[in-house]
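Below is one structure; the comments refer to it alone.
Along the sequence shown, the residues carry numbers beginning at 1.
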Amino acid sequence: MQSLLHEHGNIVSRAIGLAFSPKQIYRAIFKMGRGRTFYLFLLLLLQVVSFFLYFANGTFSLKPDTSVTGIIGLLAGITGIISVVICADGEITNYFWGILNNIAYIYVSFANHLYGEVYLNLYFFILAFIGIYEWTAKNIQTDSDRKDVVQVKELTKWGWVALVVLVLIGWFALGSFLKQVPFLSSTLDPHPWIDSISVVVQVFAQLLMVLRYGSSQWLLWIIADVAELVLWTINFNPIIIALWLAYLINALYGYYVWTYKLQKEVKA
């Protein structure tokens, strides 16, 4: 028993050191090639520019939101972009940026009474610590030379079947609920089926990410990003559309890296 506790203690200590180490955080960003660095710069620039743009009545104007909520919203955007870009490279420090993003996003969502987003990001926040442990434990077991890069695995045929069934059940259940029950207001969700598929798919995508599944989790992120693009196109918010388009592009890159590049590195 003491040996088991000691082993878990070592993993936790190692996990915290990898995910929250300033050296690892710095290296994960600045080790990128020029192409990836430029790509990250463009996505971050999009977030900064969006902070100074205001869209209303079909027109743009320069009107930065300097309120506490606006500044924290910018922080949520910046940390979210860094998190997904680093995650696509399989870096464990993506959880550091993801946790910051969850905290900032929870604050902004709560301030705007978007309680569903609050609950979803609380779920992401909890799973982040589980993911840090899971990634580190597996890397220690495989004696990987790169302890900060994920060891990828894939779903079996029956795993895919179970995943599809669970997503469809979750979609139907949440969609039916949103269609009939307003949430802390008298107004029903105007787009319950698009909203529900996005939330359900992200819940399972985050779970698969924590468990180190490659193509399956990225396919779910791609589906969720497309659903969000459709949702925000219907509501027409160009800045948010651009943000989710950036997420979609990154998800496509993440699918490639986790399905091909990281798989080859594990086998090498």
Side-chain angles (χ1 to χ4, degrees), residues 8 11 15 18-19 83-92 94-95 98-99 102 116 119-144 146-177 193-230 244 247-268:
H8 285 297
I11 295 175
L18 289 173
S83 175
V84 297
V85 170
I86 292 178
C87 180
D89 289 330
E91 297 281 351
I92 196 172
N94 85 83
Y95 284 111
I99 289 170
N102 296 150
Y119 296 144
L120 181 62
N121 278 269
L122 281 173
Y123 164 78
F124 288 162
F125 179 82
I126 294 171
L127 255 66
F129 293 96
I130 299 175
I132 293 171
Y133 177 89
E134 170 67 16
W135 284 28
T136 305
K138 181 60 180 178
N139 283 0
I140 289 176
Q141 292 171 8
T142 56
D143 195 27
S144 171
R146 286 293 308 280
K147 302 297 185 183
D148 55 325
V149 176
V150 65
Q151 303 297 303
V152 179
K153 60 182 180 180
E154 292 298 339
L155 284 175
T156 64
K157 178 178 68 175
W158 290 111
W160 274 105
V161 171
L163 175 62
V164 171
V165 170
L166 289 172
V167 167
L168 291 176
I169 291 174
W171 182 20
F172 177 78
L174 182 57
S176 299
F177 178 81
W193 296 109
I194 301 177
D195 206 354
S196 62
I197 190 63
S198 175
V199 170
V200 170
V201 167
Q202 288 183 73
V203 166
F204 282 101
Q206 184 73 7
L207 180 61
L208 291 179
M209 173 186 163
V210 166
L211 297 176
R212 300 172 290 101
Y213 285 98
S215 62
S216 49
Q217 65 127 325
W218 285 107
L219 284 174
L220 292 186
W221 288 122
I222 290 169
I223 293 171
D225 293 342
V226 171
E228 292 282 2
L229 277 171
V230 172
W244 282 104
Y247 280 149
L248 176 59
I249 294 171
N250 190 73
L252 292 170
Y253 174 79
Y255 176 83
Y256 164 75
V257 172
W258 283 52
T259 305
Y260 299 104
K261 187 173 181 290
L262 291 179
Q263 290 280 20
K264 291 179 180 179
E265 289 177 358
V266 171
K267 294 177 181 178

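The two residues Trp218 and Val84 have their closest heavy-atom pair at CH2-O, 4.4 Å. Scanning all heavy atoms of the two residues, the minimum distance from Asp225 to Tyr247 falls at OD2-O, 3.1 Å. Shortest non-hydrogen contact noted between Ile194 and Ala227 is CG2-O, 3.4 Å. Of all the heavy atoms in Tyr123 and Gln206, the pair that sits closest is CE2-CB, 4.0 Å. Considering every non-hydrogen atom in both Leu248 and Val226, the closest pair reads CD1-CG2, 4.1 Å. In terms of heavy-atom proximity, Tyr95 sits nearest to Gly131 at OH-CA, 3.5 Å.
The shortest distance between side-chain heavy atoms of Val167 and Ile197 falls below 4.5 Å. Side-chain contact between Phe204 and Gln217 is absent, with no heavy atoms from C-beta onward closer than 4.5 Å. When side chains are defined from C-beta on, Leu163 counts as touching Leu208, because their heavy atoms get closer than 4.5 Å.
In this structure, the separation between CG on Leu122 and CG on Asn102 is 8.5 Å, given to the nearest 0.5 Å. Interatomic distance, Ile132 CD1 to Ile92 CD1, rounded to the nearest 0.5 Å: 6.0 Å. Going from atom SG of Cys87 over to atom CH2 of Trp221 covers 8.0 Å, rounded to the nearest 0.5 Å. Here CH2 of Trp171 is found 15.0 Å from CG of Leu166. Values are rounded to the nearest 0.5 Å. A distance of 3.5 Å separates CH2 in Trp193 from OG in Ser176, rounded to the nearest 0.5 Å. If you take CG on Leu174 and CD1 on Ile169, they are separated by 13.5 Å, rounding to the nearest 0.5 Å.
Using the six-membered ring where Trp is involved, Tyr256 and Tyr253 have ring planes that are tilted, between 30° and 60° apart.
Judged by distance alone, with hydrogens and angles left aside, the side-chain atoms of Ser198 form no donor-acceptor pair with the main-chain N or O of Asp195 at under 3.5 Å.
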